[in-house]
Amino acid sequence: TFLKSQCKNMVIMVRTFEQACKMAVVQDDGNISREEEKALKAITAAAEKFKKELSRIAESIVIRQKHEKDPILWCGKKPVG
């Protein structure tokens, strides 16, 4: 679906952002300071959480659509089985 594609695209954009941050730190002066290292770790942690949540949402969209087509498996709230 279009929404699932948007979630996947955002995951790719977040990966690109992470790489850009890492490149920016190295290009600055060639050395990574403690402050920069801490900032990179915080960015990476936040990005991982965001990517994981987006992936979970995208997967739930697929599961929901699959089960909605089969009334035996879909109870209206969450997939069964």
Side-chain angles (χ1 to χ4, degrees):
T1 68
F2 184 71
L3 188 56
K4 180 182 174 184
S5 296
Q6 291 293 26
C7 288
K8 286 184 175 186
N9 287 338
M10 186 53 71
V11 169
I12 292 167
M13 293 298 290
V14 172
R15 285 184 189 146
T16 302
F17 173 72
E18 286 179 278
Q19 288 298 319
C21 289
K22 290 174 185 174
M23 288 173 44
V25 168
V26 173
Q27 288 179 348
D28 184 28
D29 60 3
N31 296 319
I32 300 175
S33 69
R34 278 195 173 162
E35 293 81 22
E36 291 170 329
E37 188 174 339
K38 286 172 88 174
L40 279 177
K41 284 183 180 180
I43 289 169
T44 300
E48 286 301 316
K49 287 171 113 176
F50 187 53
K51 290 186 298 187
K52 184 184 278 188
E53 182 66 12
L54 284 173
S55 296
R56 186 192 64 76
I57 292 168
E59 185 61 31
S60 73
I61 292 167
V62 172
I63 291 171
R64 188 174 303 125
Q65 287 177 343
K66 192 182 296 182
H67 288 297
E68 282 176 342
K69 293 176 184 174
D70 187 345
I72 294 171
L73 297 174
W74 181 252
C75 66
K77 292 185 181 177
K78 63 180 181 178
V80 177

**Fill in**
Residue pairs meeting salt bridge (Lys or Arg N to Asp or Glu O under 4.0 Å), one or both in residues 25-35, sequence neighbours left out, come to none

**Asked** How long is the span from the CD1 atom in Ile43 to the NZ atom in Lys38, to the nearest 0.5 Å?
**Response** 13.5 Å

**Item:** Hydrophobic cluster identity match, Phe17 and Val11, side-chain contacts under 4.5 Å
**Value:** no

**Message:** If I take atom OG from residue Ser60 and atom NZ from residue Lys4, how far apart are they, to the nearest 0.5 angstrom?
**Reply:** 10.5 Å

**Request:** Could you check Glu53 against Lys49 for side chain to side chain contact (heavy atoms under 4.5 Å, CB included), going step by step and ending with a plain yes or no?
**Result:** CA-CA 6 Å; Glu53 182 66 12; Lys49 287 171 113 176; over 6 Å; no

**Fill in**
side chain to side chain contact (heavy atoms under 4.5 Å, CB included) filter on Lys22, not counting sequence neighbours, yields Gln19, Leu40, Thr44

**Asked** So, Glu37 and Lys41, do they make that salt bridge, N to O below 4.0 Å?
**Response** yes

**Message:** Using 0.5 Å steps for rounding, measure from the SG atom of Cys7 to the CD1 atom of Ile57.
**Reply:** 6.0 Å

**Pairwise distance CD1(Ile12) to CG(Leu54) - rounded to 0.5 angstrom** = 11.5 Å

**Message:** I'd like to check the side chain to side chain contact (heavy atoms under 4.5 Å, CB included) partners of Ala47; sequence neighbours left out, ordered by chain and number.
**Reply:** Val14, Glu18

**Request:** Supply the atom-to-atom distance Glu59 CD to Ile61 CD1, rounded to the nearest 0.5 angstrom.
**Result:** 9.5 Å

